[in-house]
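In what follows, a structure is listed as structure tokens, so that the remarks can point back to it.
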Amino acid sequence: MTAMMNEDRDAAVAQVEGLIRDIPDFPKPGIIFKDITPLLGDAAGFRTAVDLLADSIEGPMPDYIVGTESRGFIFGAALAYHIGAGFIPVRKPGKLPSDVYACEYKLEYGTDALEVHRDALSQGARTLIVDDLLATGGTARATGDLLRRLGAEMLGYSFVIELSFLNAREHMIDAPVNAIVRV
């Protein structure tokens, strides 16, 4: 993709960051939820976020953008359209109608699982995982595990927001990590 000038990129990042609001004590006390709905509702801001995601792609272009349920679908599908790639949804259990691979992963209090169709892509397909938020990295790593089971080439992870104080990036050494907004 064409690289933005640094000052243009800084302004674009500031625009996106300004459209993300903090919701204190959601979903439970002590959590500050990063709400992307104002960003999604602002046509220029949403376009800027997708442009920034596209601009961050380095090296070969992905054949597929892989979006994780559910907000990863929003940004992932828009990015796939923008760069001319296919889109693959990774879903919660029981949501996909054909044969799937599943991957269980740990949450703060328990476990969860993700699934992808076994025939979602061909061996060696270039993939980029996209989601709205990188927190602890469990969902992203589980998605990466599913893609490796499919024989995909992982080009990287791309997020709109990264909660950098949780240090998830340090544990995601299998592919480059990009985030538009780091807090």
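Computation of the quantities below employed the complete heavy-atom set of this structure, encompassing side-chain atoms and omitting hydrogens, waters and symmetry-equivalent molecules.
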inquiry  = Within a 6.0 Å radius of atom CZ on Phe33, are there more than 12 heavy atoms belonging to other residues, nucleotides or ligands?
reply    = yes
ask   = Side-chain contact, heavy-atom cut-off 4.5 Å: Leu40 with Arg71?
value = no
message = Determine whether Ile65 and Ile83 satisfy the following criterion, side chain to side chain contact (heavy atoms under 4.5 Å, CB included), listing intermediate values before the conclusion.
response = CA-CA 9 Å; Ile65 300 298; Ile83 67 169; 3.9 Å; yes
ask   = If two hydrophobic side chains count as joined below 4.5 Å and joins carry through other members, does Phe165 share a cluster with Val160?
value = yes
ask   = Between the side chain of Arg118 and the main-chain N/O of Leu150, is any donor-acceptor distance below 3.5 Å?
value = no
For the student: nearest non-hydrogen atoms of Gly144 and Ile129, plus distance = N-CD1, 3.6 Å
key: Side-chain heavy atoms of Asp99 within contact of Asp119, under 4.5 Å   = no
task = Would you check if the side chain of Asp131 reaches a backbone N or O of Gly72 as a donor-acceptor pair within less than 3.5 Å?
result = yes
request  = State the CG-CD1 distance between Leu133 and Ile20, to the nearest 0.5 angstrom.
outcome  = 9.0 Å
query = Given Leu19, which of Thr48, Asp35, Asp42, Val181 fulfils the side chain to side chain contact (heavy atoms under 4.5 Å, CB included) condition?
reply = Asp42
query = Does any non-hydrogen side-chain atom of Leu114 lie less than 4.5 Å from one of Thr143?
reply = yes
task = Check for a donor-acceptor pair, side chain of Ser158 on one end and backbone N or O of Val130 on the other, with a separation under 3.5 Å.
result = no
inquiry  = I need the minimum non-hydrogen distance between Asp63 and Ala85, along with the two atoms involved.
reply    = O-CB, 3.5 Å
request  = For side chain to side chain contact (heavy atoms under 4.5 Å, CB included), just list the numbers for Glu17 and Val183, CA-CA rounded to whole Å, side-chain angles, deciding distance to a tenth of an Å, and then say yes or no.
outcome  = CA-CA 10 Å; Glu17 188 170 16; Val183 294; 4.1 Å; yes
query = Taking Arg149 for the side chain and Ala102 for the main chain, is one N or O donor matched with an acceptor at less than 3.5 Å?
reply = yes
Side chains of Val66 and Leu128 in contact at under 4.5 Å (non-hydrogen atoms) = no
query = So, do Val13 and Leu52 sit near enough that their side-chain heavy atoms are less than 4.5 Å apart?
reply = yes
inquiry  = Looking at every non-hydrogen atom in both residues, tell me the closest pair between Leu96 and Val100 and how far apart they are.
reply    = CB-CG1, 3.9 Å
query = Is Asp22 reaching over with its side chain to a backbone N or O of Lys34, donor-acceptor style, under 3.5 angstrom?
reply = no
key: Point-to-point distance, once rounded to the nearest 0.5 Å, from CZ of Phe87 to OH of Tyr81   = 15.5 Å
remark   = Closest non-hydrogen atoms of Pro62 and Ile57, given as atom of the first, atom of the second and distance, are CD-CG2, 4.0 Å
query = Any side-chain heavy-atom pair from Leu39 and Val16 closer than 4.5 angstrom?
reply = yes
query = Is any side-chain N of the basic residue among Glu69 and Arg91 closer than 4.0 Å to the acidic one's carboxylate O?
reply = yes
task = Heavy atoms only: give me the nearest Gly137-Ala168 pair and the separation to one decimal.
result = N-CB, 3.7 Å
ask   = Does atom CD1 of Ile32 have more than 12 heavy-atom neighbours from other groups under 6.0 Å away?
value = no
query = Would Asp112 and Tyr105 count as a side chain to side chain contact (heavy atoms under 4.5 Å, CB included) if you check the C-alpha gap in whole Å, the side-chain angles of each, and the deciding distance to 0.1 Å?
reply = CA-CA 6 Å; Asp112 207 346; Tyr105 62 101; 3.7 Å; yes
key: Within-4.5 Å side-chain heavy-atom neighbours: Leu155 and Thr127   = no
task = Apply side chain to side chain contact (heavy atoms under 4.5 Å, CB included) to Thr139 and Val90, showing your working.
result = CA-CA 10 Å; Thr139 303; Val90 171; over 6 Å; no
key: Residue pair Phe159 / Phe75, side-chain heavy-atom distance below 4.5 Å   = no
task = With rounding to the nearest 0.5 Å, note down the distance linking CD1 in Ile88 to CZ in Phe73.
result = 11.5 Å
request  = Mark yes or no for whether Arg126, through its side chain, and Met61, through its backbone, hold a donor-acceptor pair below 3.5 Å.
outcome  = yes
request  = Compare every heavy atom of Val116 with every heavy atom of Pro89, then report the nearest pair and how far apart it is.
outcome  = O-CG2, 4.1 Å
query = Is a donor on one side and an acceptor on the other found under 3.5 Å between the side chain of Arg141 and the backbone of Met172?
reply = no
key: Steps toward salt bridge (charged side-chain N to carboxylate O under 4.0 Å, His left out) verdict (Glu162, Arg182)   = CA-CA 5 Å; Glu162 177 183 355; Arg182 296 183 75 193; 2.9 Å; yes
request  = Supply the atom-to-atom distance Leu146 CG to Tyr101 OH, rounded to the nearest 0.5 angstrom.
outcome  = 10.0 Å
task = Verify the neighbour count for atom NZ of Lys92: are there more than 12 heavy atoms of other residues, nucleotides or ligands below 6.0 Å?
result = yes
request  = Nearest 0.5 Å please: distance from the NE2 atom of His82 over to the CG atom of Leu79.
outcome  = 7.0 Å
inquiry  = Just verifying a value: how many Å separate Asp25 CG and Ile23 CD1, rounded to the nearest 0.5 Å?
reply    = 10.5 Å
request  = Mind running salt bridge (charged side-chain N to carboxylate O under 4.0 Å, His left out) on Asp174 and Arg148 for me, showing each step along the way?
outcome  = CA-CA 10 Å; Asp174 60 332; Arg148 280 186 288 283; 2.6 Å; yes
inquiry  = Determine whether a donor-acceptor pair (N or O, by modelled atom type, separation under 3.5 Å) exists between the side chain of His117 and the backbone of Ser98.
reply    = yes
